[in-house]
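Within every chain, numbering begins at 1; the chains are lettered A, B, ... in the order of the sequence lines, protein sequences first and strands thereafter.
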Amino acid sequence: MKNIEHDSGFHHIGHKLLDWYGKNARNLPFRNTKDPYKIWICEIVFQQTRITQGLNHYNNFIKRFPDVQTLATAEEDEVLLYWKGLGYYSRAINIHKAAQQIINEYHGVFPSEYEEILQLKGVGKYTAAAISSICFGAKLPAVDGNFYRVLSRIFADDFDVSTSQAFTYFSQLAHLILPENAGDFNQAMMDLGSEICKPKNPLCPECPLREDCLAFSLDRVSEFPVKKKKVKTVDLALKYYFVHRDGRFLIQQRKDDFIWKKLFEFPSEIPEELIPFIKSVKMISHKLTHKNLSIEIFNVEVDSAEVWEDFIGKNEYVITDFEGSHEKSFPKPLENYIQNYHTAYRFL
DNA sequence: AAGCCGGGGCA
DNA sequence: TGCCCAGGCTT
């Protein structure tokens with residue numbers, strides 16, 4: 001390992017971090033509990049998601065699904081509904097499957113061994129280490145993006161964190177400073193990485209580890225972590241038809257093989273039987289851009305009440321209204337569109 | 001080993 | 001606009 005002369009002598013760093021955590025831990029709803037169910041949910045919710053962004057989702061989720069049994073017996077669509085707007089929707093699908101795994105394979109009792117936890121759908125090495133250390137006392141580092149950032153700065157280590165070997169490499173570095181209480185240590189690293197050792201503009205003067213930080217002493221903090229791989233963005237253009245009459249409209253469910261897995265959306269074609277009865281086809285949203293994504297939504301009002309009533313009685317589409325749409329999970333741009341349209345519709 | 005999956009916040 | 005975030009799955 002670069003910059004490491006020997007493999008001992010760094011454990012005081014871990015203890016110093018624990019002392020800081022004892023006085024500066026964030027007050028969060030999943031702190032002060034070792035319930036593996038709650039820790040599991042929180043770890044999944046906050047994968048690639050900031051605390052401020054996912055906190056309401058976490059609280060609502062726990063309120064509706066307070067235990068494994070409740071989650072396992074719920075409908076998948078309702079689990080997705082509680083994930084609405086969070087992104088990475090395979091997390092919701094996997095969390096539901098994993099709950100059923102726990103019921104079927106462990107009689108509803110959350111497994112306590114790292115290797116068992118790792119077998120749960122949607123649980124990888126980070127999450128398994130986090131749950132087993134926080135809830136069951138395993139002495140394992142939960143290596144995530146915070147570990148990459150904090151450790152690369154402490155040791156001024158230029159190992160490329162965007163490679164697939166980064167996890168193994170920084171796990172070894174983590175063991176150099178890992179104290180007995182790995183559960184608190186892992187949560188302390190989260191708080192330090194979030195509050196002090198931030199990606200941009202880190203608060204080094206307030207850092208409890210500044211005397212141990214090689215990058216700080218070299219005034220090279222901004223050089224770490226090293227990430228060579230750039231994020232690739234692709235353009236995606238979508239076209240939807242808002243086919244409606246009398247406050248009801250057509251939706252359908254997406255597949256699970258692409259973006260927005262199993263979420264609901266408007267049809268991308270006008271149903272052939274309705275084409276002769278269209279009053280207006282007007283473009284509503286002028287390229288509602290969302291990142292590299294552009295969406296066009298065409299307003300299609302069906303002219304004949306008779307044909308409409310007949311159509312919604314027998315076809316593959318799901319028919320809903322503005323109230324019913326609250327029961328479905330839509331991609332965020334469409335969610336915003338429905339809300340806005342509803343507001344406008346009420347004043348027509 | 002590399003690509004892909006959301007959405008929000010920030011400089 | 002590009003980067004980042006309590007990562008994991010698929011190919």
Has the side chain of [X] got a donor or acceptor that lies under 3.5 Å from a partner of the other kind on the base of [N]?
| X | N | value |
| --- | --- | --- |
| A:Q53 | B:dG7 | yes |
| A:T127 | C:dG8 | no |
| A:R91 | B:dC5 | no |
| A:K121 | C:dG8 | no |

Check your understanding: Do any side-chain nitrogens or oxygens of A:K232 fall under 4.0 Å of OP1 or OP2 in B:dC4?
Key -> yes
Check your understanding: Hey, does the side chain of A:Y148 come within less than 4.0 Å of C:dC5's phosphate (OP1/OP2), counting only N and O?
Key -> no
What contact category does [X] fall into here, base, sugar-phosphate, or nothing, at under 4.0 angstrom with non-hydrogen atoms?
| X | answer |
| --- | --- |
| A:S90 | nothing |
| A:K332 | sugar-phosphate |
| A:R31 | base |
| A:G85 | sugar-phosphate |
| A:L86 | base |
| A:R149 | sugar-phosphate |
| A:N186 | nothing |
| A:K291 | base |
| A:V45 | nothing |
| A:Q165 | sugar-phosphate |

Say you pick atom [atom1] in [N] and the same atom in [M]; how far apart are they, in whole Å?
| N | M | atom1 | result |
| --- | --- | --- | --- |
| C:dT10 | B:dG6 | P | 14 Å |
| C:dC3 | B:dC4 | P | 16 Å |
| B:dA11 | C:dA6 | P | 16 Å |

Practice item. Measure the acute angle between the ring planes of A:F110 and A:F136, then classify it against the limits of 30° and 60° as parallel, tilted or perpendicular. Key: parallel
Exercise for review: Return the orientation label for the A:H326 and A:H342 ring planes: parallel under 30°, perpendicular over 60°, tilted otherwise.
Suggested key: tilted
Roughly how many Å is it from [atom1] in [X] to [atom2] in [N], rounded to a whole number?
| X | N | atom1 | atom2 | value |
| --- | --- | --- | --- | --- |
| A:I51 | B:dG8 | CD1 | C1' | 14 Å |
| A:E43 | C:dG8 | CD | P | 9 Å |
| A:L236 | B:dG7 | CG | C1' | 15 Å |

Review point. Are the ring centres of A:Y126 and A:F147 closer than 6.0 Å?
Key: no
**Study point:** Ring centre gap for A:F266 and A:F242 strictly below 6.0 Å
**Key:** yes
Practice item. Not counting sequence neighbours, list each pair that qualifies as a salt bridge (charged side-chain N to carboxylate O under 4.0 Å, His left out) and has a residue in residues 97-118 of chain A. Key: none
